[in-house]
Enquirer: 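Starting off with a structure, shown below.
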Amino acid sequence: MAVDQENVATIRKAGIITVLGNAVLAILKLVTGWFSGSAALLGDGIDSTGDVLIGAMTLIVAKIISKPADKEHPWGHGRAEAIATAALSFVIFFMGAQLVFNSITNLISGEQQVVPSAVALIVTVISIAGKMILARSQYILGKRAGSAMIQANAKNMTGDVLISLGVLVGLVTSMLTGSGYADAIVAIMIGAWIVWTAIGIFMEANLELMDGNKDLEPYHEIFDAVASVDGASNPHRARMRSIGGFWDISFDIDVDPQLTVLEGHLIAEEVEDEIRLRLENVADIMIHVEPPGDDPDEVFGICEKIANGEKEA
């Protein structure tokens with residue numbers, strides 16, 4: 001599978017921005033959270049540390065996927081992105097779970113919770129502004145590169161803005177009431193959010209690793225492409241999988257059995273050209289030509305009836 005070096009460069013750029021931006025925010029929040037006594041801000045800093053790890057992993061992945069296909073990896077190295085995303089989801093999950101566990105333990109212990117200092121408010125406001133900028137940059141770069149990992153990171157950072165807003169509410173409440181319990185409760189909520197985000201990231205990565213695809217719209221594009229070509233009909237056994245943001249497509253079509261091999265091949269080539277006009281980021285298309293009526297007991301793939309909801313997969 002060919003390597004798009006422009007996409008690789010975009011992924012690398014996104015990784016550098018993530019590492020540098022979140023490293024600054026993580027240090028600010030961890031140091032301030034520790035010295036101000038804010039468990040919620042400390043938890044927010046832990047979450048930003050996870051984002052630094054994501055950025056570092058993005059840089060490593062960019063190097064791996066830039067390698068061309070070889071005899072041991074004939075489909076290329078695009079799966080490295082999904083594998084790294086799944087691995088990082090476990091790291092993020094345990095960081096969030098540890099925060100929840102520690103915060104609950106502190107509340108149950110009955111110890112007096114510290115009221116955070118005013119400097120924690122300033123750092124939290126800076127964090128909100130910084131995360132909004134980072135989330136927007138990751139969204140733009142992720143869409144440009146067609147990178148599931150960067151797009152997942154953009155969603156994660158959007159959630160981070162909500163986390164920081166929650167921290168701000170907890171800090172203000174603690175200062176107004178003179179009690180640190182609100183801050184501790186917010187820390188538990190932040191930890192739960194981190195855990196939930198990690199689960200979502202894992203499920204998206206797992207979908208790619210399992211060659212899954214929840215969106216049926218690309219299949220409709222394939223079927224419309226077949227319908228637009230004279231001599232091609234009945235697209236079936238269609239299967240699409242994403243590898244590093246690029247589509248790998250295979251399906252069967254029916255053609256007149258009286259056609260020559262060359263004529264059938266030319267029809268398949270025309271169908272392929274039509275698909276590439278309709279779908280972006282298509283790496284490979286495999287079309288099997290067969291006579292009508294040669295598919296009575298299909299088990300794998302998607303046909304038009306399944307895509308239209310008229311038949312169970």
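Owing to the predicted nature of the structure, the values given are computational and were not obtained by experimental measurement. Numbering of residues begins at 1 and proceeds along the displayed sequence.
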Enquirer: Look up atom CD1 in Ile133 and atom CD1 in Ile128, then write down how far apart they are to the nearest 0.5 Å.
Expert: 12.5 Å
Enquirer: May I ask you to check whether Gln138 and Thr18 show a side-chain donor-acceptor distance below 3.5 Å?
Expert: yes
Enquirer: Checking Ser127 side chain against Val123 main chain: does a donor-acceptor pair fall under 3.5 Å?
Expert: no
Enquirer: Under the 3.5 angstrom rule, does the side chain of Ser164 hit a backbone N or O of Val161 as a donor-acceptor pair?
Expert: no
Enquirer: Tell me, which pairs form a salt bridge (Lys or Arg N to Asp or Glu O under 4.0 Å) where one or both residues lie in residues 14-32, sequence neighbours left out?
Expert: Lys29-Asp44
Enquirer: Tell me every residue that passes ring-ring contact (aromatic ring centres under 6.0 Å, His included) with Phe93, counting only those two or more places apart in sequence or in another chain.
Expert: none
Enquirer: What residues form a side chain to side chain contact (heavy atoms under 4.5 Å, CB included) with Val169, not counting sequence neighbours?
Expert: Thr173
Enquirer: Who are the side chain to side chain contact (heavy atoms under 4.5 Å, CB included) partners of Val172, not counting sequence neighbours?
Expert: Leu121, Leu176
Enquirer: Is Leu259 close to Val289 at the side-chain level, that is, under 4.5 Å between some pair of heavy atoms?
Expert: no
Enquirer: Does any non-hydrogen side-chain atom of Tyr139 lie less than 4.5 Å from one of Lys143?
Expert: yes
Enquirer: Not counting sequence neighbours, which residues clear ring-ring contact (aromatic ring centres under 6.0 Å, His included) with Phe94? List them please.
Expert: none
Enquirer: Out of curiosity, does Leu168 fall in the hydrophobic cluster containing Leu30 (side-chain heavy atoms, cut-off under 4.5 Å, transitive links)?
Expert: yes
Enquirer: When clusters are formed by joining ILVMFWY residues with side-chain heavy atoms under 4.5 Å apart, either directly or through shared neighbours, do Trp193 and Ile199 land in the same one?
Expert: no
Enquirer: Find out whether Ser48 and Lys131 are in side-chain contact, i.e. whether some heavy atom of one side chain is under 4.5 Å from a heavy atom of the other.
Expert: yes
Enquirer: In Å, rounded to the nearest 0.5 Å, how long is the span from CG of Leu25 to OG1 of Thr124?
Expert: 11.0 Å
Enquirer: Over all heavy atoms of both residues, which pair between Ala97 and Val195 is shortest? Give the atoms and the distance, please.
Expert: N-CG2, 3.5 Å
Enquirer: Measure the spacing between CD1 of Ile249 and CD1 of Ile285 and express it to the nearest 0.5 Å.
Expert: 5.0 Å
Enquirer: With the side chain counted from C-beta on, respond yes when Phe251 and Val226 share a heavy-atom pair under 4.5 Å apart, and no when they do not.
Expert: yes
Enquirer: Could you pull out all donor-acceptor pairs under 3.5 Å where a side-chain atom in residues 268-280 meets a protein atom, sequence neighbours excluded?
Expert:
residue : atom : partner : partner atom : Å
Glu269  : OE2  : His265  : NE2          : 3.2
Glu272  : OE2  : Arg276  : NE           : 3.4
Glu272  : OE2  : Arg276  : NH2          : 3.3
Glu274  : OE1  : Arg278  : NH1          : 2.6
Arg276  : NH1  : Val282  : O            : 2.9
Arg278  : NH1  : Glu274  : O            : 3.4

Enquirer: Please answer: with hydrophobic residues joined when any side-chain heavy atoms are less than 4.5 Å apart, are Trp196 and Ile201 in the same cluster?
Expert: no
Enquirer: So how far is it from Ile126 CD1 to Ile122 CD1, rounded to the nearest 0.5 Å?
Expert: 7.0 Å
Enquirer: Taking C-beta and beyond as the side chain, do Ile222 and Met240 meet within less than 4.5 Å on heavy atoms?
Expert: yes
Enquirer: Heavy atoms only: give me the nearest Ala232-Ile267 pair and the separation to one decimal.
Expert: CB-CG2, 3.7 Å
Enquirer: For residues Phe202 and Leu207: do they belong to one hydrophobic cluster (side chain heavy atoms under 4.5 Å, members Ile, Leu, Val, Met, Phe, Trp, Tyr)?
Expert: no
Enquirer: Does one hydrophobic cluster hold both Tyr219 and Val229, with members joined at side-chain heavy-atom distances below 4.5 Å?
Expert: yes
Enquirer: How far does CD1 of Ile104 sit from CD1 of Ile185, to the nearest 0.5 angstrom?
Expert: 11.0 Å
Enquirer: Over all heavy atoms of both residues, which pair between Gly45 and Ala26 is shortest? Give the atoms and the distance, please.
Expert: O-CB, 4.0 Å
Enquirer: Side-chain contact test, heavy atoms from C-beta onward, threshold under 4.5 Å: evaluate it for Glu290 versus Asp254 and give yes or no.
Expert: yes
Enquirer: Report the distance from atom CG of Leu134 to atom CD1 of Ile17, rounding to the nearest 0.5 Å.
Expert: 8.0 Å
